[in-house]
Visitor: 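This is the structure, below, for whatever I ask next.
Quick note: numbers below take in every heavy atom, side chains included, and nothing from hydrogens, waters or symmetry partners.
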Amino acid sequence: MSLAAALVRRRARETAPAQESCRRLSPLRRKTKFMAQTIGIIGSGLVGKAVARLATAAGYKVVISNSRGADTIKDLIEELGPLASAGTTEEAIAAGDIVTLSIPIAASEQLPADKFAGKVVLDQTNYYPAFGNNDVLDKGELTSSELIQRRLPGAKVVKGFHNLSWLHMKANATPKGSANRTTLPIAGDDAGAKQAVTAFFDKIGFDAIDAGSLADSWRIEPSTPIYFWAYAPTVDLQATGPEAERAYTQPGTPVSREDAQRLIDEAKRPSPIGGTFEGMPQVHVDLFMAQASAATVAN
């Protein structure tokens with residue numbers, strides 16, 4: 001039996017008494033009792049790795065899956081230590097109190113939708129037409145997270161942790177109570193799921209602000225004021241080399257709750273819809289190419 005499978009079975013045994021107790025509590029009390037202990041991470045690329053490092057540093061167990069199999073992430077699991085294990089996509093879903101989609105949006109079509117029933121899903125996907133057009137998204141008929149919700153109808157989808165680079169997930173994380181703490185937006189239709197994601201953010205180093213429903217989540221999608229640039233340090237767009245890399249991997253200016261709310265309120269729906277790479281700092285491209293590979297991008 002794989003370590004991930006054993007974790008799933010053990011979690012089922014451990015949580016059975018707690019689940020019975022929770023059934024006797026009021027709905028409000030149940031919400032306040034929920035505390036995620038395991039994060040299922042689908043995707044082991046730069047974003048998935050960044051989430052895994054923050055989660056394990058905060059004391060969470062993680063089960064990580066990718067499309068290439070557990071053997072391809074042995075080094076990552078060893079780096080992360082005893083809180084981490086590799087598993088299949090189904091094992092990551094089953095183990096996770098929160099399941100992250102740290103994958104390209106097109107890859108969500110291949111997910112086993114029936115396995116997500118009742119799961120809190122943190123949607124980190126973003127729509128970039130350069131990677132493949134989607135007519136429904138291009139026409140604005142759905143937001144990208146509404147599309148994810150349609151593909152995973154039994155899940156409790158929360159949009160979040162999608163609007164800053166993998167570099168600044170680490171650089172901008174700070175302890176609770178820090179004067180430099182930054183605020184990230186979330187959006188979703190399930191209040192309990194948003195509460196769970198907010199608690200997760202709090203433990204890994206961020207405050208959260210509610211940007212509304214999944215239908216409202218266009219306000220925090222690519223090409224809106226709160227996407228990417230608000231969390232990155234200011235650099236010369238053409239700068240390259242070690243000095244530029246050091247500058248770019250520093251924390252951005254902290255985004256307060258007030259700043260985040262203002263950026264959300266200022267959003268106008270982009271036209272055309274979706275992200276572009278226009279104006280991306282050259283150092284960002286350099287670091288991506290240095291740290292990623294064709295296999296990493298695919299996962």
Side-chain angles (χ1 to χ4, degrees), residues 43 45-47 50 100-108 122-151 157-169 171-172 182-188 197 206 208-238 248 252-289 292 297:
L46 297 176
V47 171
T100 75
L101 302 187
S102 310
I103 54 176
I105 192 168
S108 66
L122 179 57
D123 175 22
Q124 295 185 272
T125 69
N126 288 300
Y127 179 50
Y128 277 77
F131 292 140
N133 286 92
N134 181 291
D135 287 343
V136 170
L137 298 182
D138 288 339
K139 294 174 183 176
E141 294 174 3
L142 295 174
T143 64
S144 61
S145 286
E146 285 181 301
L147 180 62
I148 294 294
Q149 183 68 81
R150 177 181 286 184
R151 289 175 175 172
V157 174
V158 178
K159 186 73 169 182
F161 219 25
H162 65 292
N163 63 316
L164 70 171
S165 79
W166 80 98
L167 297 164
H168 302 116
M169 290 177 185
N172 291 1
T182 205
T183 302
L184 299 176
I186 60 172
V197 169
F206 297 92
I209 189 166
D210 193 340
S213 67
L214 294 180
D216 296 323
S217 64
W218 63 265
R219 292 184 173 276
I220 59 176
E221 287 183 342
S223 302
T224 62
I226 204 166
Y227 187 84
F228 185 81
W229 295 105
Y231 299 94
T234 302
V235 295
D236 182 334
L237 295 183
Q238 302 305 318
Y248 190 64
T253 302
V255 178
S256 68
R257 290 186 65 83
E258 294 75 19
D259 290 338
Q261 187 64 64
R262 175 179 53 78
L263 293 171
I264 292 166
D265 292 342
E266 287 177 354
K268 295 183 182 352
R269 195 146 198 187
S271 180
I273 289 171
T276 73
F277 298 102
E278 184 177 351
M280 187 69 67
Q282 183 59 45
V283 67
H284 181 99
V285 177
D286 293 344
L287 287 166
F288 178 82
M289 296 304 294
V297 174

Visitor: What are the two closest non-hydrogen atoms of Pro185 and Ile220, and how far apart are they?
Guide: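 Distance-wise, the nearest heavy atoms are CB-CG2, 3.6 Å.
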Visitor: Looking at Phe288 versus Phe277, is the centre-to-centre ring distance below 6.0 Å?
Guide: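 Not under 6.0 Å, so no.
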Visitor: Run the numbers on Arg151 and Ser108 for side chain to side chain donor-acceptor pair (under 3.5 Å), then give the verdict.
Guide: CA-CA 8 Å; Arg151 289 175 175 172; Ser108 66; 2.6 Å; yes
Visitor: To the closest 0.5 Å, what do you measure between CG (Leu167) and CG (Asn172)?
Guide: 10.0 Å
Visitor: Does any N or O in the side chain of Thr182 come within less than 3.5 Å of the main-chain N or O of Val255, such that one atom is a donor and the other an acceptor?
Guide: yes
Visitor: How many angstroms lie between atom CG of Asn126 and atom CZ of Phe131, to the nearest 0.5 angstrom?
Guide: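 Going from CG on Asn126 over to CZ on Phe131, the span is 10.5 Å.
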Visitor: Taking all heavy atoms of Gly279 and all of Trp229, pick out the closest pair and write down the distance.
Guide: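 Reported closest heavy-atom pair: O-CH2, 3.1 Å.
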Visitor: Is there a donor-acceptor contact under 3.5 Å from the side chain of Thr224 to the main chain of Arg219?
Guide: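 Yes; at least one donor-acceptor contact below 3.5 Å.
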Visitor: What heavy-atom pair brings Pro233 and His168 nearest, and what distance separates the two atoms?
Guide: CD-NE2, 3.3 Å
Visitor: Rounded to the nearest 0.5 Å, how far apart are OG of Ser213 and NZ of Lys159?
Guide: 13.5 Å
Visitor: Minimum heavy-atom separation for Ala260 to Thr183, with atom names?
Guide: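 Reported closest heavy-atom pair: CB-CG2, 4.0 Å.
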Visitor: Please name the pair of heavy atoms, one in Tyr231 and one in Asn163, separated by the smallest distance, quoted to 0.1 Å.
Guide: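 Looking at all heavy atoms of both residues, the closest pair is CE1-ND2, 3.2 Å.
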Visitor: What's the separation between atom CD in Gln261 and atom CD in Glu266, rounded to the nearest 0.5 Å?
Guide: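 So the gap between those two atoms works out to 10.5 Å.
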Visitor: Side chain to side chain contact (heavy atoms under 4.5 Å, CB included) between Ser217 and Glu146: does it pass, once the steps are laid out?
Guide: CA-CA 9 Å; Ser217 64; Glu146 285 181 301; 5.6 Å; no
Visitor: Step by step, work out the side chain to side chain contact (heavy atoms under 4.5 Å, CB included) result for Thr143 and Arg269.
Guide: CA-CA 10 Å; Thr143 64; Arg269 195 146 198 187; 3.8 Å; yes
Visitor: Per the side chain to side chain contact (heavy atoms under 4.5 Å, CB included) rule, which among Ile186, Ile264, Leu263 passes with Ile209?
Guide: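 Considering Ile186, Ile264, Leu263, a side chain to side chain contact (heavy atoms under 4.5 Å, CB included) with Ile209 is found only for Ile264.
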Visitor: More than 12 heavy atoms of other residues, nucleotides or ligands under 6.0 Å from CZ of Arg150: is that the case?
Guide: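 Atom CZ in Arg150 is not packed in, count stays at 12 or less.
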Visitor: Does the side chain of Glu221 pick up a donor-acceptor pair with the side chain of Ser144 at under 3.5 Å?
Guide: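 Yes, because at least one side-chain N or O of Glu221 sits under 3.5 Å from a partner of the opposite role on Ser144.
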Visitor: Nearest 0.5 Å, what's the CZ-OG distance between Phe161 and Ser102?
Guide: 9.0 Å
Visitor: Less than 4.5 Å apart, side chain to side chain, heavy atoms only: is that true for Tyr127 and Pro222?
Guide: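 Tyr127 vs Pro222: side chains apart.
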Visitor: CG/Asp123 to CD1/Ile148 distance, rounded to the nearest 0.5 angstrom?
Guide: 5.0 Å
Visitor: What about Phe228 and His162, are their ring centers closer than 6.0 Å?
Guide: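 Ring centroids of Phe228 and His162 are no less than 6.0 Å from each other.
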Visitor: Show your reasoning for whether side chain to side chain contact (heavy atoms under 4.5 Å, CB included) applies to Leu122 and Leu101.
Guide: CA-CA 6 Å; Leu122 179 57; Leu101 302 187; over 6 Å; no
Visitor: If you look at every heavy atom in Ser223 and Gly275, which pair is closest and at what distance?
Guide: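 Nearest heavy atoms, Ser223 then Gly275: OG-CA, 3.9 Å.
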Visitor: Indicate yes or no: at least one non-hydrogen side-chain atom of Met169 is less than 4.5 angstrom from one of Val47.
Guide: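 Met169 vs Val47: side chains touch.
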